[in-house]
> 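Please find one structure pasted underneath; my questions will follow.
Keep in mind that the numbers below use all heavy atoms, side chains included, and drop hydrogens, waters and symmetry copies. So you know, we letter chains A, B, ... as the sequences are listed, proteins then strands, and number each from 1.
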Amino acid sequence: MNDVLPVARPDKAWLHSARWRAVERVFQDVCRLSGYREIRTPVMESTELFTRSIGEGTDIVSKEMFSFETRGGACVTLRPEGTAPVIRAYLENGLASEGSLTKLYYIARVYRYERGQKGRYREHQQTGVEVLGSAEPLVDAEVISLAVEFYRRLGIVDTELRINSVGCPGCRPGYREQLLDFARPLLDQMSADNRTRFATNPLRMLDSKETQDRQALQDAPRLVDALCGGCAAHFAALCDLLRLLEIPFSLDPHLVRGFDYYTRTAFEVVSRGLGAMSAIGGGGRYDGLVEECGGPATPGIGFGIGTERCLIALESAGIDLPIDDEAPVAFLVAMGPDERARAARLLLDLRRAGVSCDADYGARSMKAQMRQASRLGARWAVILGEDELSRDGCSLKDLQGGAPQCEAPLASLVELLSQ
RNA sequence: GCGGUUGUAGCUCAGGCGGUUAGAGUGCCAGGUUGUGGCCCUGGAGGUCGUGGGUUCGAGUCCCAUCAGCCGCCCCA
C-alpha cells in the first residue's frame with residue numbers, strides 16, 4: 001500500500017505527508033488567486049452518474065470502476081474522476097446562479113480498478129478545477145493557464161502542453177464518417193483494440209499508441225480541419241489567447257482523451273522523460289455534460305492533475321519544496337513521577353502559548369529522553385529534576401547552539417520559549 | 001486485461017543440490033557515564049519467512065493459487 005508517511009520515517013521521498021501538503025498548498029494558492037473556491041464531494045456516487053457522463057464505451061466505465069451494491073440494492077461506485085461529482089453537487093445544491101460563472105476547485109481521492117505501476121495506482125489523488133457557465137475561449141485560456149501556472153510554481157519546467165479540439169455534436173458526426181471511410185480499408189493493418197474502437201468509439205483509434213495504428217492513421221483526416229464554424233472560431237481564439245499569454249503549446253490532432261463528455265477544447269500536460277507515466281494533467285471543455293446530468297444546458301470546462309505524478313516528477317527533478325518544520329521547539333525531560341506530572345502541566349501551558357513541545361510519557365532514563373529530544377530535532381531540552389523543581393525552576397539546554405546550559409524559573413519558561 | 005520480476009526483523013538485504021535453535025547491517029532498548037543528546041564500546045529485545053493450499057519423514061527453499069510492490073504494454077492522473 002502506498003501509505004503517506006511522516007517526514008521522520010524516511011522512505012521514498014514523495015511519500016512524505018509534508019510534501020503532499022506542500023503541493024496541495026501551491027495548488028490552493030493558485031486557485032485562490034484566480035477566484036476559485038473549494039468543493040468537497042463524497043468518494044461514493046451512484047454508478048449511473050459515471051456511466052452516463054464518462055461514457056459506456058470508455059475503458060474507465062467498461063472495466064476500471066470500483067462498483068458495488070449497497071444493502072438497499074443501490075448501485076454505487078467509488079469516483080474514478082473528479083468532474084462528474086462536482087457537476088452533480090453543483091446541480092443538487094443550486095450553485096448555479098443566473099447568468100454567472102461558478103469557479104470551483106477540488107482535491108479528491110479517486111479510484112480505478114487497474115493494474116498498478118509507477119505513477120499509476122488504484123487509489124490516487126487528483127487536484128482539479130471546474131468552471132461552469134461560460135463558453136468563452138477566455139475561460140479555456142484561464143483554465144489552461146491555471147494548470148500551467150501550477151506546474152511553474154512547483155518548479156516542474158520539463159513539461160509540454162498539447163491541445164486539440166474535438167468538436168461538438170454538430171461537427172463530430174461528419175468527421176466521424178470521414179474517419180471511418182479513411183480507416184475502413186486499413187482495418188487489417190491495425191491492432192485488435194483499434195478494430196474494436198472502429199465499431200464502438202472511432203475517435204479513440206487516433207489515441208492508440210500502437211505503432212501499427214499510428215502508421216496506419218498517420219495521414220488520416222484531422223478533426224481540426226473538419227470543425228464547424230463555431231468550433232473552429234473557438235479554437236482559433238483559444239490559440240491566439242495562449243500566444244498572448246505566452247503559454248507554449250503544441251497542436252496534437254490525435255489527442256482525444258478518455259472521457260466521452262469532452263467537446264471542443266481538449267488538452268494534456270506531459271512531463272518528458274518519465275517513461276510510461278508521461279501525462280501529469282489534462283482536461284477539456286464539456287459543454288453538454290451538465291445537461292446530460294439532468295441540469296439546464298450549461299457550458300463547462302475543467303482539468304485534473306495527478307498529485308502522485310507531480311510528486312514523482314518533483315522527486316526525479318530533484319526539487320525540494322519548502323515543507324513544514326515538524327521539529328518541536330522544546331522537549332521536556334522529567335526525572336521522576338512528580339516531575340512528569342509537572343511536565344504535563346507545562347506542556348499544556350506551552351502549547352496554549354503556541355510553543356510546540358513534546359515529552360516522553362514513560363519512566364525512561366534521562367539519557368534516553370535526551371536522545372529522543374535530539375532525534376526529534378528539538379531546539380531546547382527543558383530538564384525538570386528534583387533540584388530544579390525545589391527552586392521552581394528548570395534547566396535549559398540548547399541542543400543546537402553552543403550556548404551553555406542555564407537555569408530558568410518555570411514562571412518565565414513560556415515567555416522564554418515563545419521568542 | 002496481458003507479459004516480466006520481487007515479497008525473509010521497523011528499514012535495506014544474505015540465506016549453494018529442501019535437513020535441527022532463520023542471519024547481517026542499520027534502527028530500537030538497556031548499560032558503560034549514581035541527572036545530560038550526537039561519537040565509541042558491550043549486551044538485549046524483535047521474524048505467522050506476504051497469504052492459502054499441495055508434494056515430502058521434513059519446506060524460507062519445490063509445485064499451484066491468491067494478494068501486494070516494482071518494470072513494460074494497454075489506458076490514464
> Do nucleotides 33-41 of chain B as a string where each nucleotide becomes B, S or -: B if the base has a protein heavy atom under 4.0 Å, S if just the sugar-phosphate does, - if no protein is that close.
--BBBB---
> Please list, in numerical order, the residues of residues 281-290 of chain A that have a heavy atom closer than 4.0 Å to any atom of RNA chain B.
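Heavy-atom cutoff 4.0 Å gives A:G281.
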> What integer distance in Å separates A:Q117:CD from B:C75:C1'?
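Value for this atom pair: 10 Å.
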> Using the P atoms only, state how far B:U48 lies from B:G3, rounded to an integer number of Å.
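It works out to 34 Å between them.
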> Restricting to pairs with a member in residues 404-419 of chain A, which pass side-chain hydrogen bond (donor to acceptor under 3.5 Å, both in side chains), not counting sequence neighbours?
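Pairs touching residues 404-419 of chain A that pass the test: A:R391-A:E407.
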> Considering only the C1' atoms, how many Å lie between B:C13 and B:C76, rounded to the nearest integer?
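B:C13 and B:C76 have their C1' atoms separated by 35 Å.
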> Any ion pair linking A:D349 and A:R345 (charged N to carboxylate O, less than 4.0 Å)?
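Result for this pair is yes, salt bridge flagged.
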> Rounding to the closest angstrom, what is the interatomic distance between B:G4 and B:U42 at atom C1'?
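47 Å, rounded to whole Å.
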> Which whole number of Å gives the distance between the C1' atom of B:A77 and that of B:G25?
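That atom pair is separated by 39 Å.
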> Mind listing the side-chain donor-acceptor pairs of residues 361-370 of chain A below 3.5 Å, one per line with the distance, residues two or more places apart or on another chain?
{"unit_1": "A:Y361", "atom_1": "OH", "unit_2": "A:D358", "atom_2": "OD1", "d": "3.4"}
{"unit_1": "A:R364", "atom_1": "NE", "unit_2": "A:D360", "atom_2": "OD1", "d": "3.4"}
{"unit_1": "A:R364", "atom_1": "NH2", "unit_2": "A:Q372", "atom_2": "OE1", "d": "2.9"}
{"unit_1": "A:S365", "atom_1": "OG", "unit_2": "A:A368", "atom_2": "N", "d": "3.1"}
{"unit_1": "A:Q369", "atom_1": "OE1", "unit_2": "A:A334", "atom_2": "N", "d": "3.1"}
{"unit_1": "A:Q369", "atom_1": "NE2", "unit_2": "A:A334", "atom_2": "O", "d": "2.9"}
{"unit_1": "A:Q369", "atom_1": "NE2", "unit_2": "A:R364", "atom_2": "O", "d": "2.9"}

> How would you list all residue pairs meeting ring-ring contact (aromatic ring centres under 6.0 Å, His included) that involve residues 139-165 of chain A, not counting sequence neighbours?
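Residue pairs with at least one partner in residues 139-165 of chain A: A:F27-A:F150.
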> Using side chain to side chain donor-acceptor pair (under 3.5 Å) as the criterion, list what pairs up with A:T47, not counting sequence neighbours.
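A:T77.
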> For A:F66, what residues pass the ring-ring contact (aromatic ring centres under 6.0 Å, His included) criterion, not counting sequence neighbours?
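For A:F66, the residues satisfying ring-ring contact (aromatic ring centres under 6.0 Å, His included) (neighbours in sequence not counted) are A:Y113.
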> Please measure how far the P atom in B:C41 lies from the corresponding atom in B:U5, and state the result in whole Å.
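About 42 Å, rounded to a whole number of Å.
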> Checking A:F50 now: which residues fulfil ring-ring contact (aromatic ring centres under 6.0 Å, His included) with it, not counting sequence neighbours?
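So A:F50 forms no ring-ring contact (aromatic ring centres under 6.0 Å, His included) with any residue.
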> How would RNA chain B look in dot-bracket form, 5' to 3', counting Watson-Crick and G-U wobble pairs with both distances under 3.5 Å and writing | for bases paired to another strand?
(((((((..((((.....[...)))).(((((.......))))).....(((((..]....))))))))))))....
> Which donor-acceptor pairs under 3.5 Å do side chains of residues 175-185 of chain A form with protein atoms, sequence neighbours excluded?
{"unit_1": "A:Y175", "atom_1": "OH", "unit_2": "A:P221", "atom_2": "O", "d": "2.8"}
{"unit_1": "A:D181", "atom_1": "OD1", "unit_2": "A:R184", "atom_2": "NH1", "d": "3.1"}

> How far, in whole Å, is B:U6 from B:G16 if one measures between their P atoms?
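The same atom, P, in both gives a distance of 15 Å.
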> Give the rounded distance in Å between these two atoms: OH of A:Y105 and P of B:A77.
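Answer to the nearest Å: 21 Å.
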> Of all residues at least two apart in sequence or in a different chain, which pass the side chain to side chain donor-acceptor pair (under 3.5 Å) check with A:E386?
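Applying side chain to side chain donor-acceptor pair (under 3.5 Å) to A:E386 gives none.
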> In whole Å, measure the gap between the P atoms of B:C67 and B:G52 for me.
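Result for the P pair: 15 Å, nearest Å.
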> Rounding to the closest angstrom, what is the interatomic distance between B:A14 and B:C71 at atom C1'?
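Roughly 24 Å separates the two C1' atoms.
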> OH of A:Y121 versus P of B:C75: gap in Å, rounded?
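Interatomic distance, OH of A:Y121 to P of B:C75: 20 Å.
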> When you check the gap from the basic side-chain N to the acidic O, do A:R19 and A:D320 get nearer than 4.0 Å?
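The answer is yes: the pair qualifies as a salt bridge.
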> Using the test ring-ring contact (aromatic ring centres under 6.0 Å, His included), find all partners of A:F267 that sit at least two apart in sequence or belong to another chain.
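ring-ring contact (aromatic ring centres under 6.0 Å, His included) list for A:F267, sorted by chain: empty.
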